[in-house]
Amino acid sequence: MTASVDNAQPSTASTDTLGTVIDDVIRPQAAIVDRERTFPRRGLDALAAAGLLGLASSTEVGGGGQSMRAVATVIERLAAECGSTAMVVLMHYAATAVIEAHGPREVRAAIATGGHLTTLAFSEYGSRSHFWSPTGTATVTDDGTIRLDARKSWVTSAGEANSYVWSSLPLSQGVGPMTLWLVPADSAGLSVTGDFDGLGLRGNGSRPMTADGLRVPSAAMMAADGAGLDTALGAVLPWFLVLNAAFCLGLADSAVAEAGRHVTGTTLAHTGAALRDAPVTRRDLARLMIRTAALRAFLDDTLTALESGRDDATLRVLQVKALAGETVADVTDGAMRLCGGSAFRKELGLERRFRDSRAARVMAPTTDALHDFVGRVATGLPLLDEANR
Ligand SMILES: Cc1cc2nc3c(=O)[nH]c(=O)nc-3n(C[C@H](O)[C@H](O)[C@H](O)COP(=O)(O)OP(=O)(O)OC[C@H]3O[C@@H](n4cnc5c(N)ncnc54)[C@H](O)[C@@H]3O)c2cc1C
């Protein structure tokens, strides 16, 4: 895994524009997206029109050229309002990272200008969360095109994205465990093969997809045959893990803020006391605030480690999603308890954040896998070998 990113500063114009998009479209739509399981197309169109879907793209192709830190801020702010939208945009930025490095210029330019939504299609029914061991195949056909066959178990924005960054076994034996492809959404043989009715992130369209004799030109290969795992670890994973941590931070921070408002403004008629007047309530709120602030500081340190090329940058990147996934699960659980039955209903938006937050720890690499990776780095073992493939 490489551990460096450029250090461009956040664009004030972009973040202010984001505030307008959030106020006008994303916040008003969030509960509807969750309740109706609606893909957040309106929010995405607004983000695209504001230039925010091209934020991570190079200025050379018309994108924002922004740093990982600036992009993480966007994900954090979106997650505070609508987890589904935030996850769609997160997967778009993660896939953009590999397309920027290895994709064709016209697709990079389309992403940069907001006209192209992309995502990652890694997880498979066969190897489940072990995305580093694809079971789907790629074969050269008689006419020189490539045939892809696979059963992908989860693809965010399935049937909605314009392209899929797609993993497969390599074409040739002995070159490496994985090859990456850029699969256009309109490819014959590509289909969405199920519904998404999840606990949380209910609008993000994480549906299964099947490639059945799908054909792409050989030029659809990204990086060399067999080099897909190195690309996934080097170009995609840092973005995915850091942005996932920012996603968790946005959810946790907004849950704590909501809990704080509730315990401050809710009173018991028979005593005149507010919920905050109970010391145990203040203590519990403080614990949630401290957990969230610690996550913010850790994420900030991770970004600093990446920006400065610090020796522990790789370790920090692996740690940050594990910490974030568990922190947000605990913090949203604690916020639910603090706010009682009011949180159990939909009126505070807390139960939605609680449900949305459960995704981070099971998205691959899962918390379990990351703990193993961190232990491997700490003891001088490779991230992956025969024992954990
Ligand atoms: C909302 C959402 C969106 C998603 N979007 C995408 C997407 O866009 N693209 C994509 O490719 N995937 C996506 N995924 C899939 C995700 O990355 C995982 O692959 C998926 O959640 C794994 O589920 P599973 O049931 O197959 O887990 P399993 O692999 O069956 O794992 C079950 C449990 O066992 C644990 N476990 C597994 N192996 C080990 C081990 N060796 N040691 C210790 N514990 C282990 C896991 O940590 C997990 O807790 C998404 C998932 C969710 C929830």
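Numbers here simply count residues along the sequence, with the first being 1. As the structure lists them, so they are numbered: ligands from 1, and atoms in each ligand from 1.
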Chemist: What protein heavy atom lies closest to atom 53 (C) of ligand 1? Include the residue and the distance to one decimal.
Modeler: Trp154 CZ3, 3.6 Å
Chemist: Would you check if there is a donor-acceptor pair between the side chains of Ser206 and Thr156 at a distance under 3.5 Å?
Modeler: yes
Chemist: Provide the number and element of each atom of ligand 1 under 4.0 Å from a heavy atom of Leu201.
Modeler: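 This gives 1 (C) as the contact atoms.
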Chemist: What part of Thr156, side chain from CB on, backbone N/CA/C/O, both or neither, has a heavy atom under 4.0 Å from ligand 1?
Modeler: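 Both backbone and side chain.
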Chemist: Among all protein non-hydrogen atoms, which one is nearest to atom 24 (P) of ligand 1, and what is the separation to 0.1 Å?
Modeler: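 Going atom by atom, the protein heavy atom closest to atom 24 (P) of ligand 1 ends up being Arg128 NH2, 3.8 Å.
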Chemist: Taking atom types as modelled and ignoring hydrogens, do the side chains of Thr193 and Lys152 form a donor-acceptor contact shorter than 3.5 angstrom?
Modeler: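 No, Lys152 and Thr193 have no side-chain donor paired with an acceptor closer than 3.5 Å.
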Chemist: Considering only NZ, NE, NH1 and NH2 on the basic side and carboxylate oxygens on the acidic side, decide whether Arg296 and Asp300 come within less than 4.0 Å.
Modeler: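 Salt bridge absent between Arg296 and Asp300.
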Chemist: What are the atoms of ligand 1, with element, lying closer than 4.0 Å to any heavy atom of Ser123?
Modeler: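 That gives atoms 10 (C), 11 (O), 12 (N), 13 (C), 15 (C), 16 (C), 17 (O), 18 (C), 19 (O) of ligand 1.
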Chemist: Using a 4.0 Å heavy-atom threshold (strictly under), name the region of Val155 that reaches ligand 1: side chain, backbone, both or neither.
Modeler: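 Backbone only.
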Chemist: Within the structure, is a non-hydrogen atom of Val362 found at a distance of less than 4.0 Å from ligand 1?
Modeler: yes
Chemist: Tracing side-chain links under 4.5 Å among I, L, V, M, F, W and Y, which residues wind up in one group with Phe196?
Modeler: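 Members other than Phe196 - counting any ILVMFWY side chain reachable under 4.5 Å - are Trp154.
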Chemist: Within the structure, does at least one protein heavy atom fall under 4.0 Å of atom 34 (O) of ligand 1?
Modeler: no
Chemist: At less than 4.0 angstrom from any non-hydrogen atom of Met363, what atoms of ligand 1 do you find?
Modeler: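 Going through ligand 1 atom by atom, the ones under 4.0 Å from Met363 are 3 (C), 4 (C), 5 (N), 16 (C), 17 (O), 50 (C), 51 (C), 52 (C).
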Chemist: How does Ser129 reach ligand 1, if at all, at less than 4.0 Å between non-hydrogen atoms: by side chain, backbone, both, or neither?
Modeler: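 For Ser129, the contact with ligand 1 is made by both the backbone and the side chain.
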Chemist: For a side-chain contact (heavy atoms from CB on, under 4.5 Å) check, start with the C-alpha distance between Val242 and Ile75, then their side-chain angles and the critical distance, and finish with the verdict.
Modeler: CA-CA 10 Å; Val242 166; Ile75 295 296; over 6 Å; no
Chemist: Before you tell me yes or no, could you show the steps for Leu148 and Leu190 under side-chain contact (heavy atoms from CB on, under 4.5 Å), namely the whole-Å CA-CA distance, both residues' side-chain angles and the distance that decides it to 0.1 Å?
Modeler: CA-CA 9 Å; Leu148 298 176; Leu190 178 65; over 6 Å; no
Chemist: For atom 3 (C) of ligand 1, what is the closest protein heavy atom, and at what distance to 0.1 Å?
Modeler: Ser206 OG, 3.1 Å
Chemist: Check Arg358 with Asp356, please: is the shortest side-chain N to carboxylate O separation under 4.0 Å?
Modeler: no
Chemist: May I ask whether His130 places a heavy atom under 4.0 Å from ligand 1?
Modeler: yes
Chemist: Under a 4.0 angstrom heavy-atom cut-off, which atoms of ligand 1 come close to Leu120?
Modeler: 7 (C), 8 (O), 9 (N), 10 (C), 11 (O)
Chemist: Which protein heavy atom lies closest to atom 17 (O) of ligand 1, and at what distance to 0.1 Å?
Modeler: Ala364 N, 2.8 Å
Chemist: Determine whether the side chains of Ser163 and Thr118 contain a donor N or O and an acceptor N or O closer than 3.5 Å.
Modeler: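 Ser163 vs Thr118: donor-acceptor pair found between side chains.
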Chemist: Going by the atom numbers of ligand 1, which of them fall below 4.0 Å from some non-hydrogen atom of Phe122?
Modeler: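 Here the atoms of ligand 1 in question are 10 (C), 11 (O).
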Chemist: Quick check against the 3.5 Å criterion: does His92 have a side-chain atom that pairs as donor or acceptor with the backbone of Leu53?
Modeler: yes
Chemist: Would you check, one step at a time, whether the test side-chain contact (heavy atoms from CB on, under 4.5 Å) holds for Leu243 with Val71?
Modeler: CA-CA 8 Å; Leu243 297 186; Val71 173; 3.9 Å; yes
Chemist: Between Val165, Asp368, Asp372, Asp356, which one has a non-hydrogen atom sitting closest to atom 36 (N) of ligand 1?
Modeler: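 When every heavy atom of Val165, Asp368, Asp372, Asp356 is considered, Asp368 comes closest to atom 36 (N) of ligand 1.
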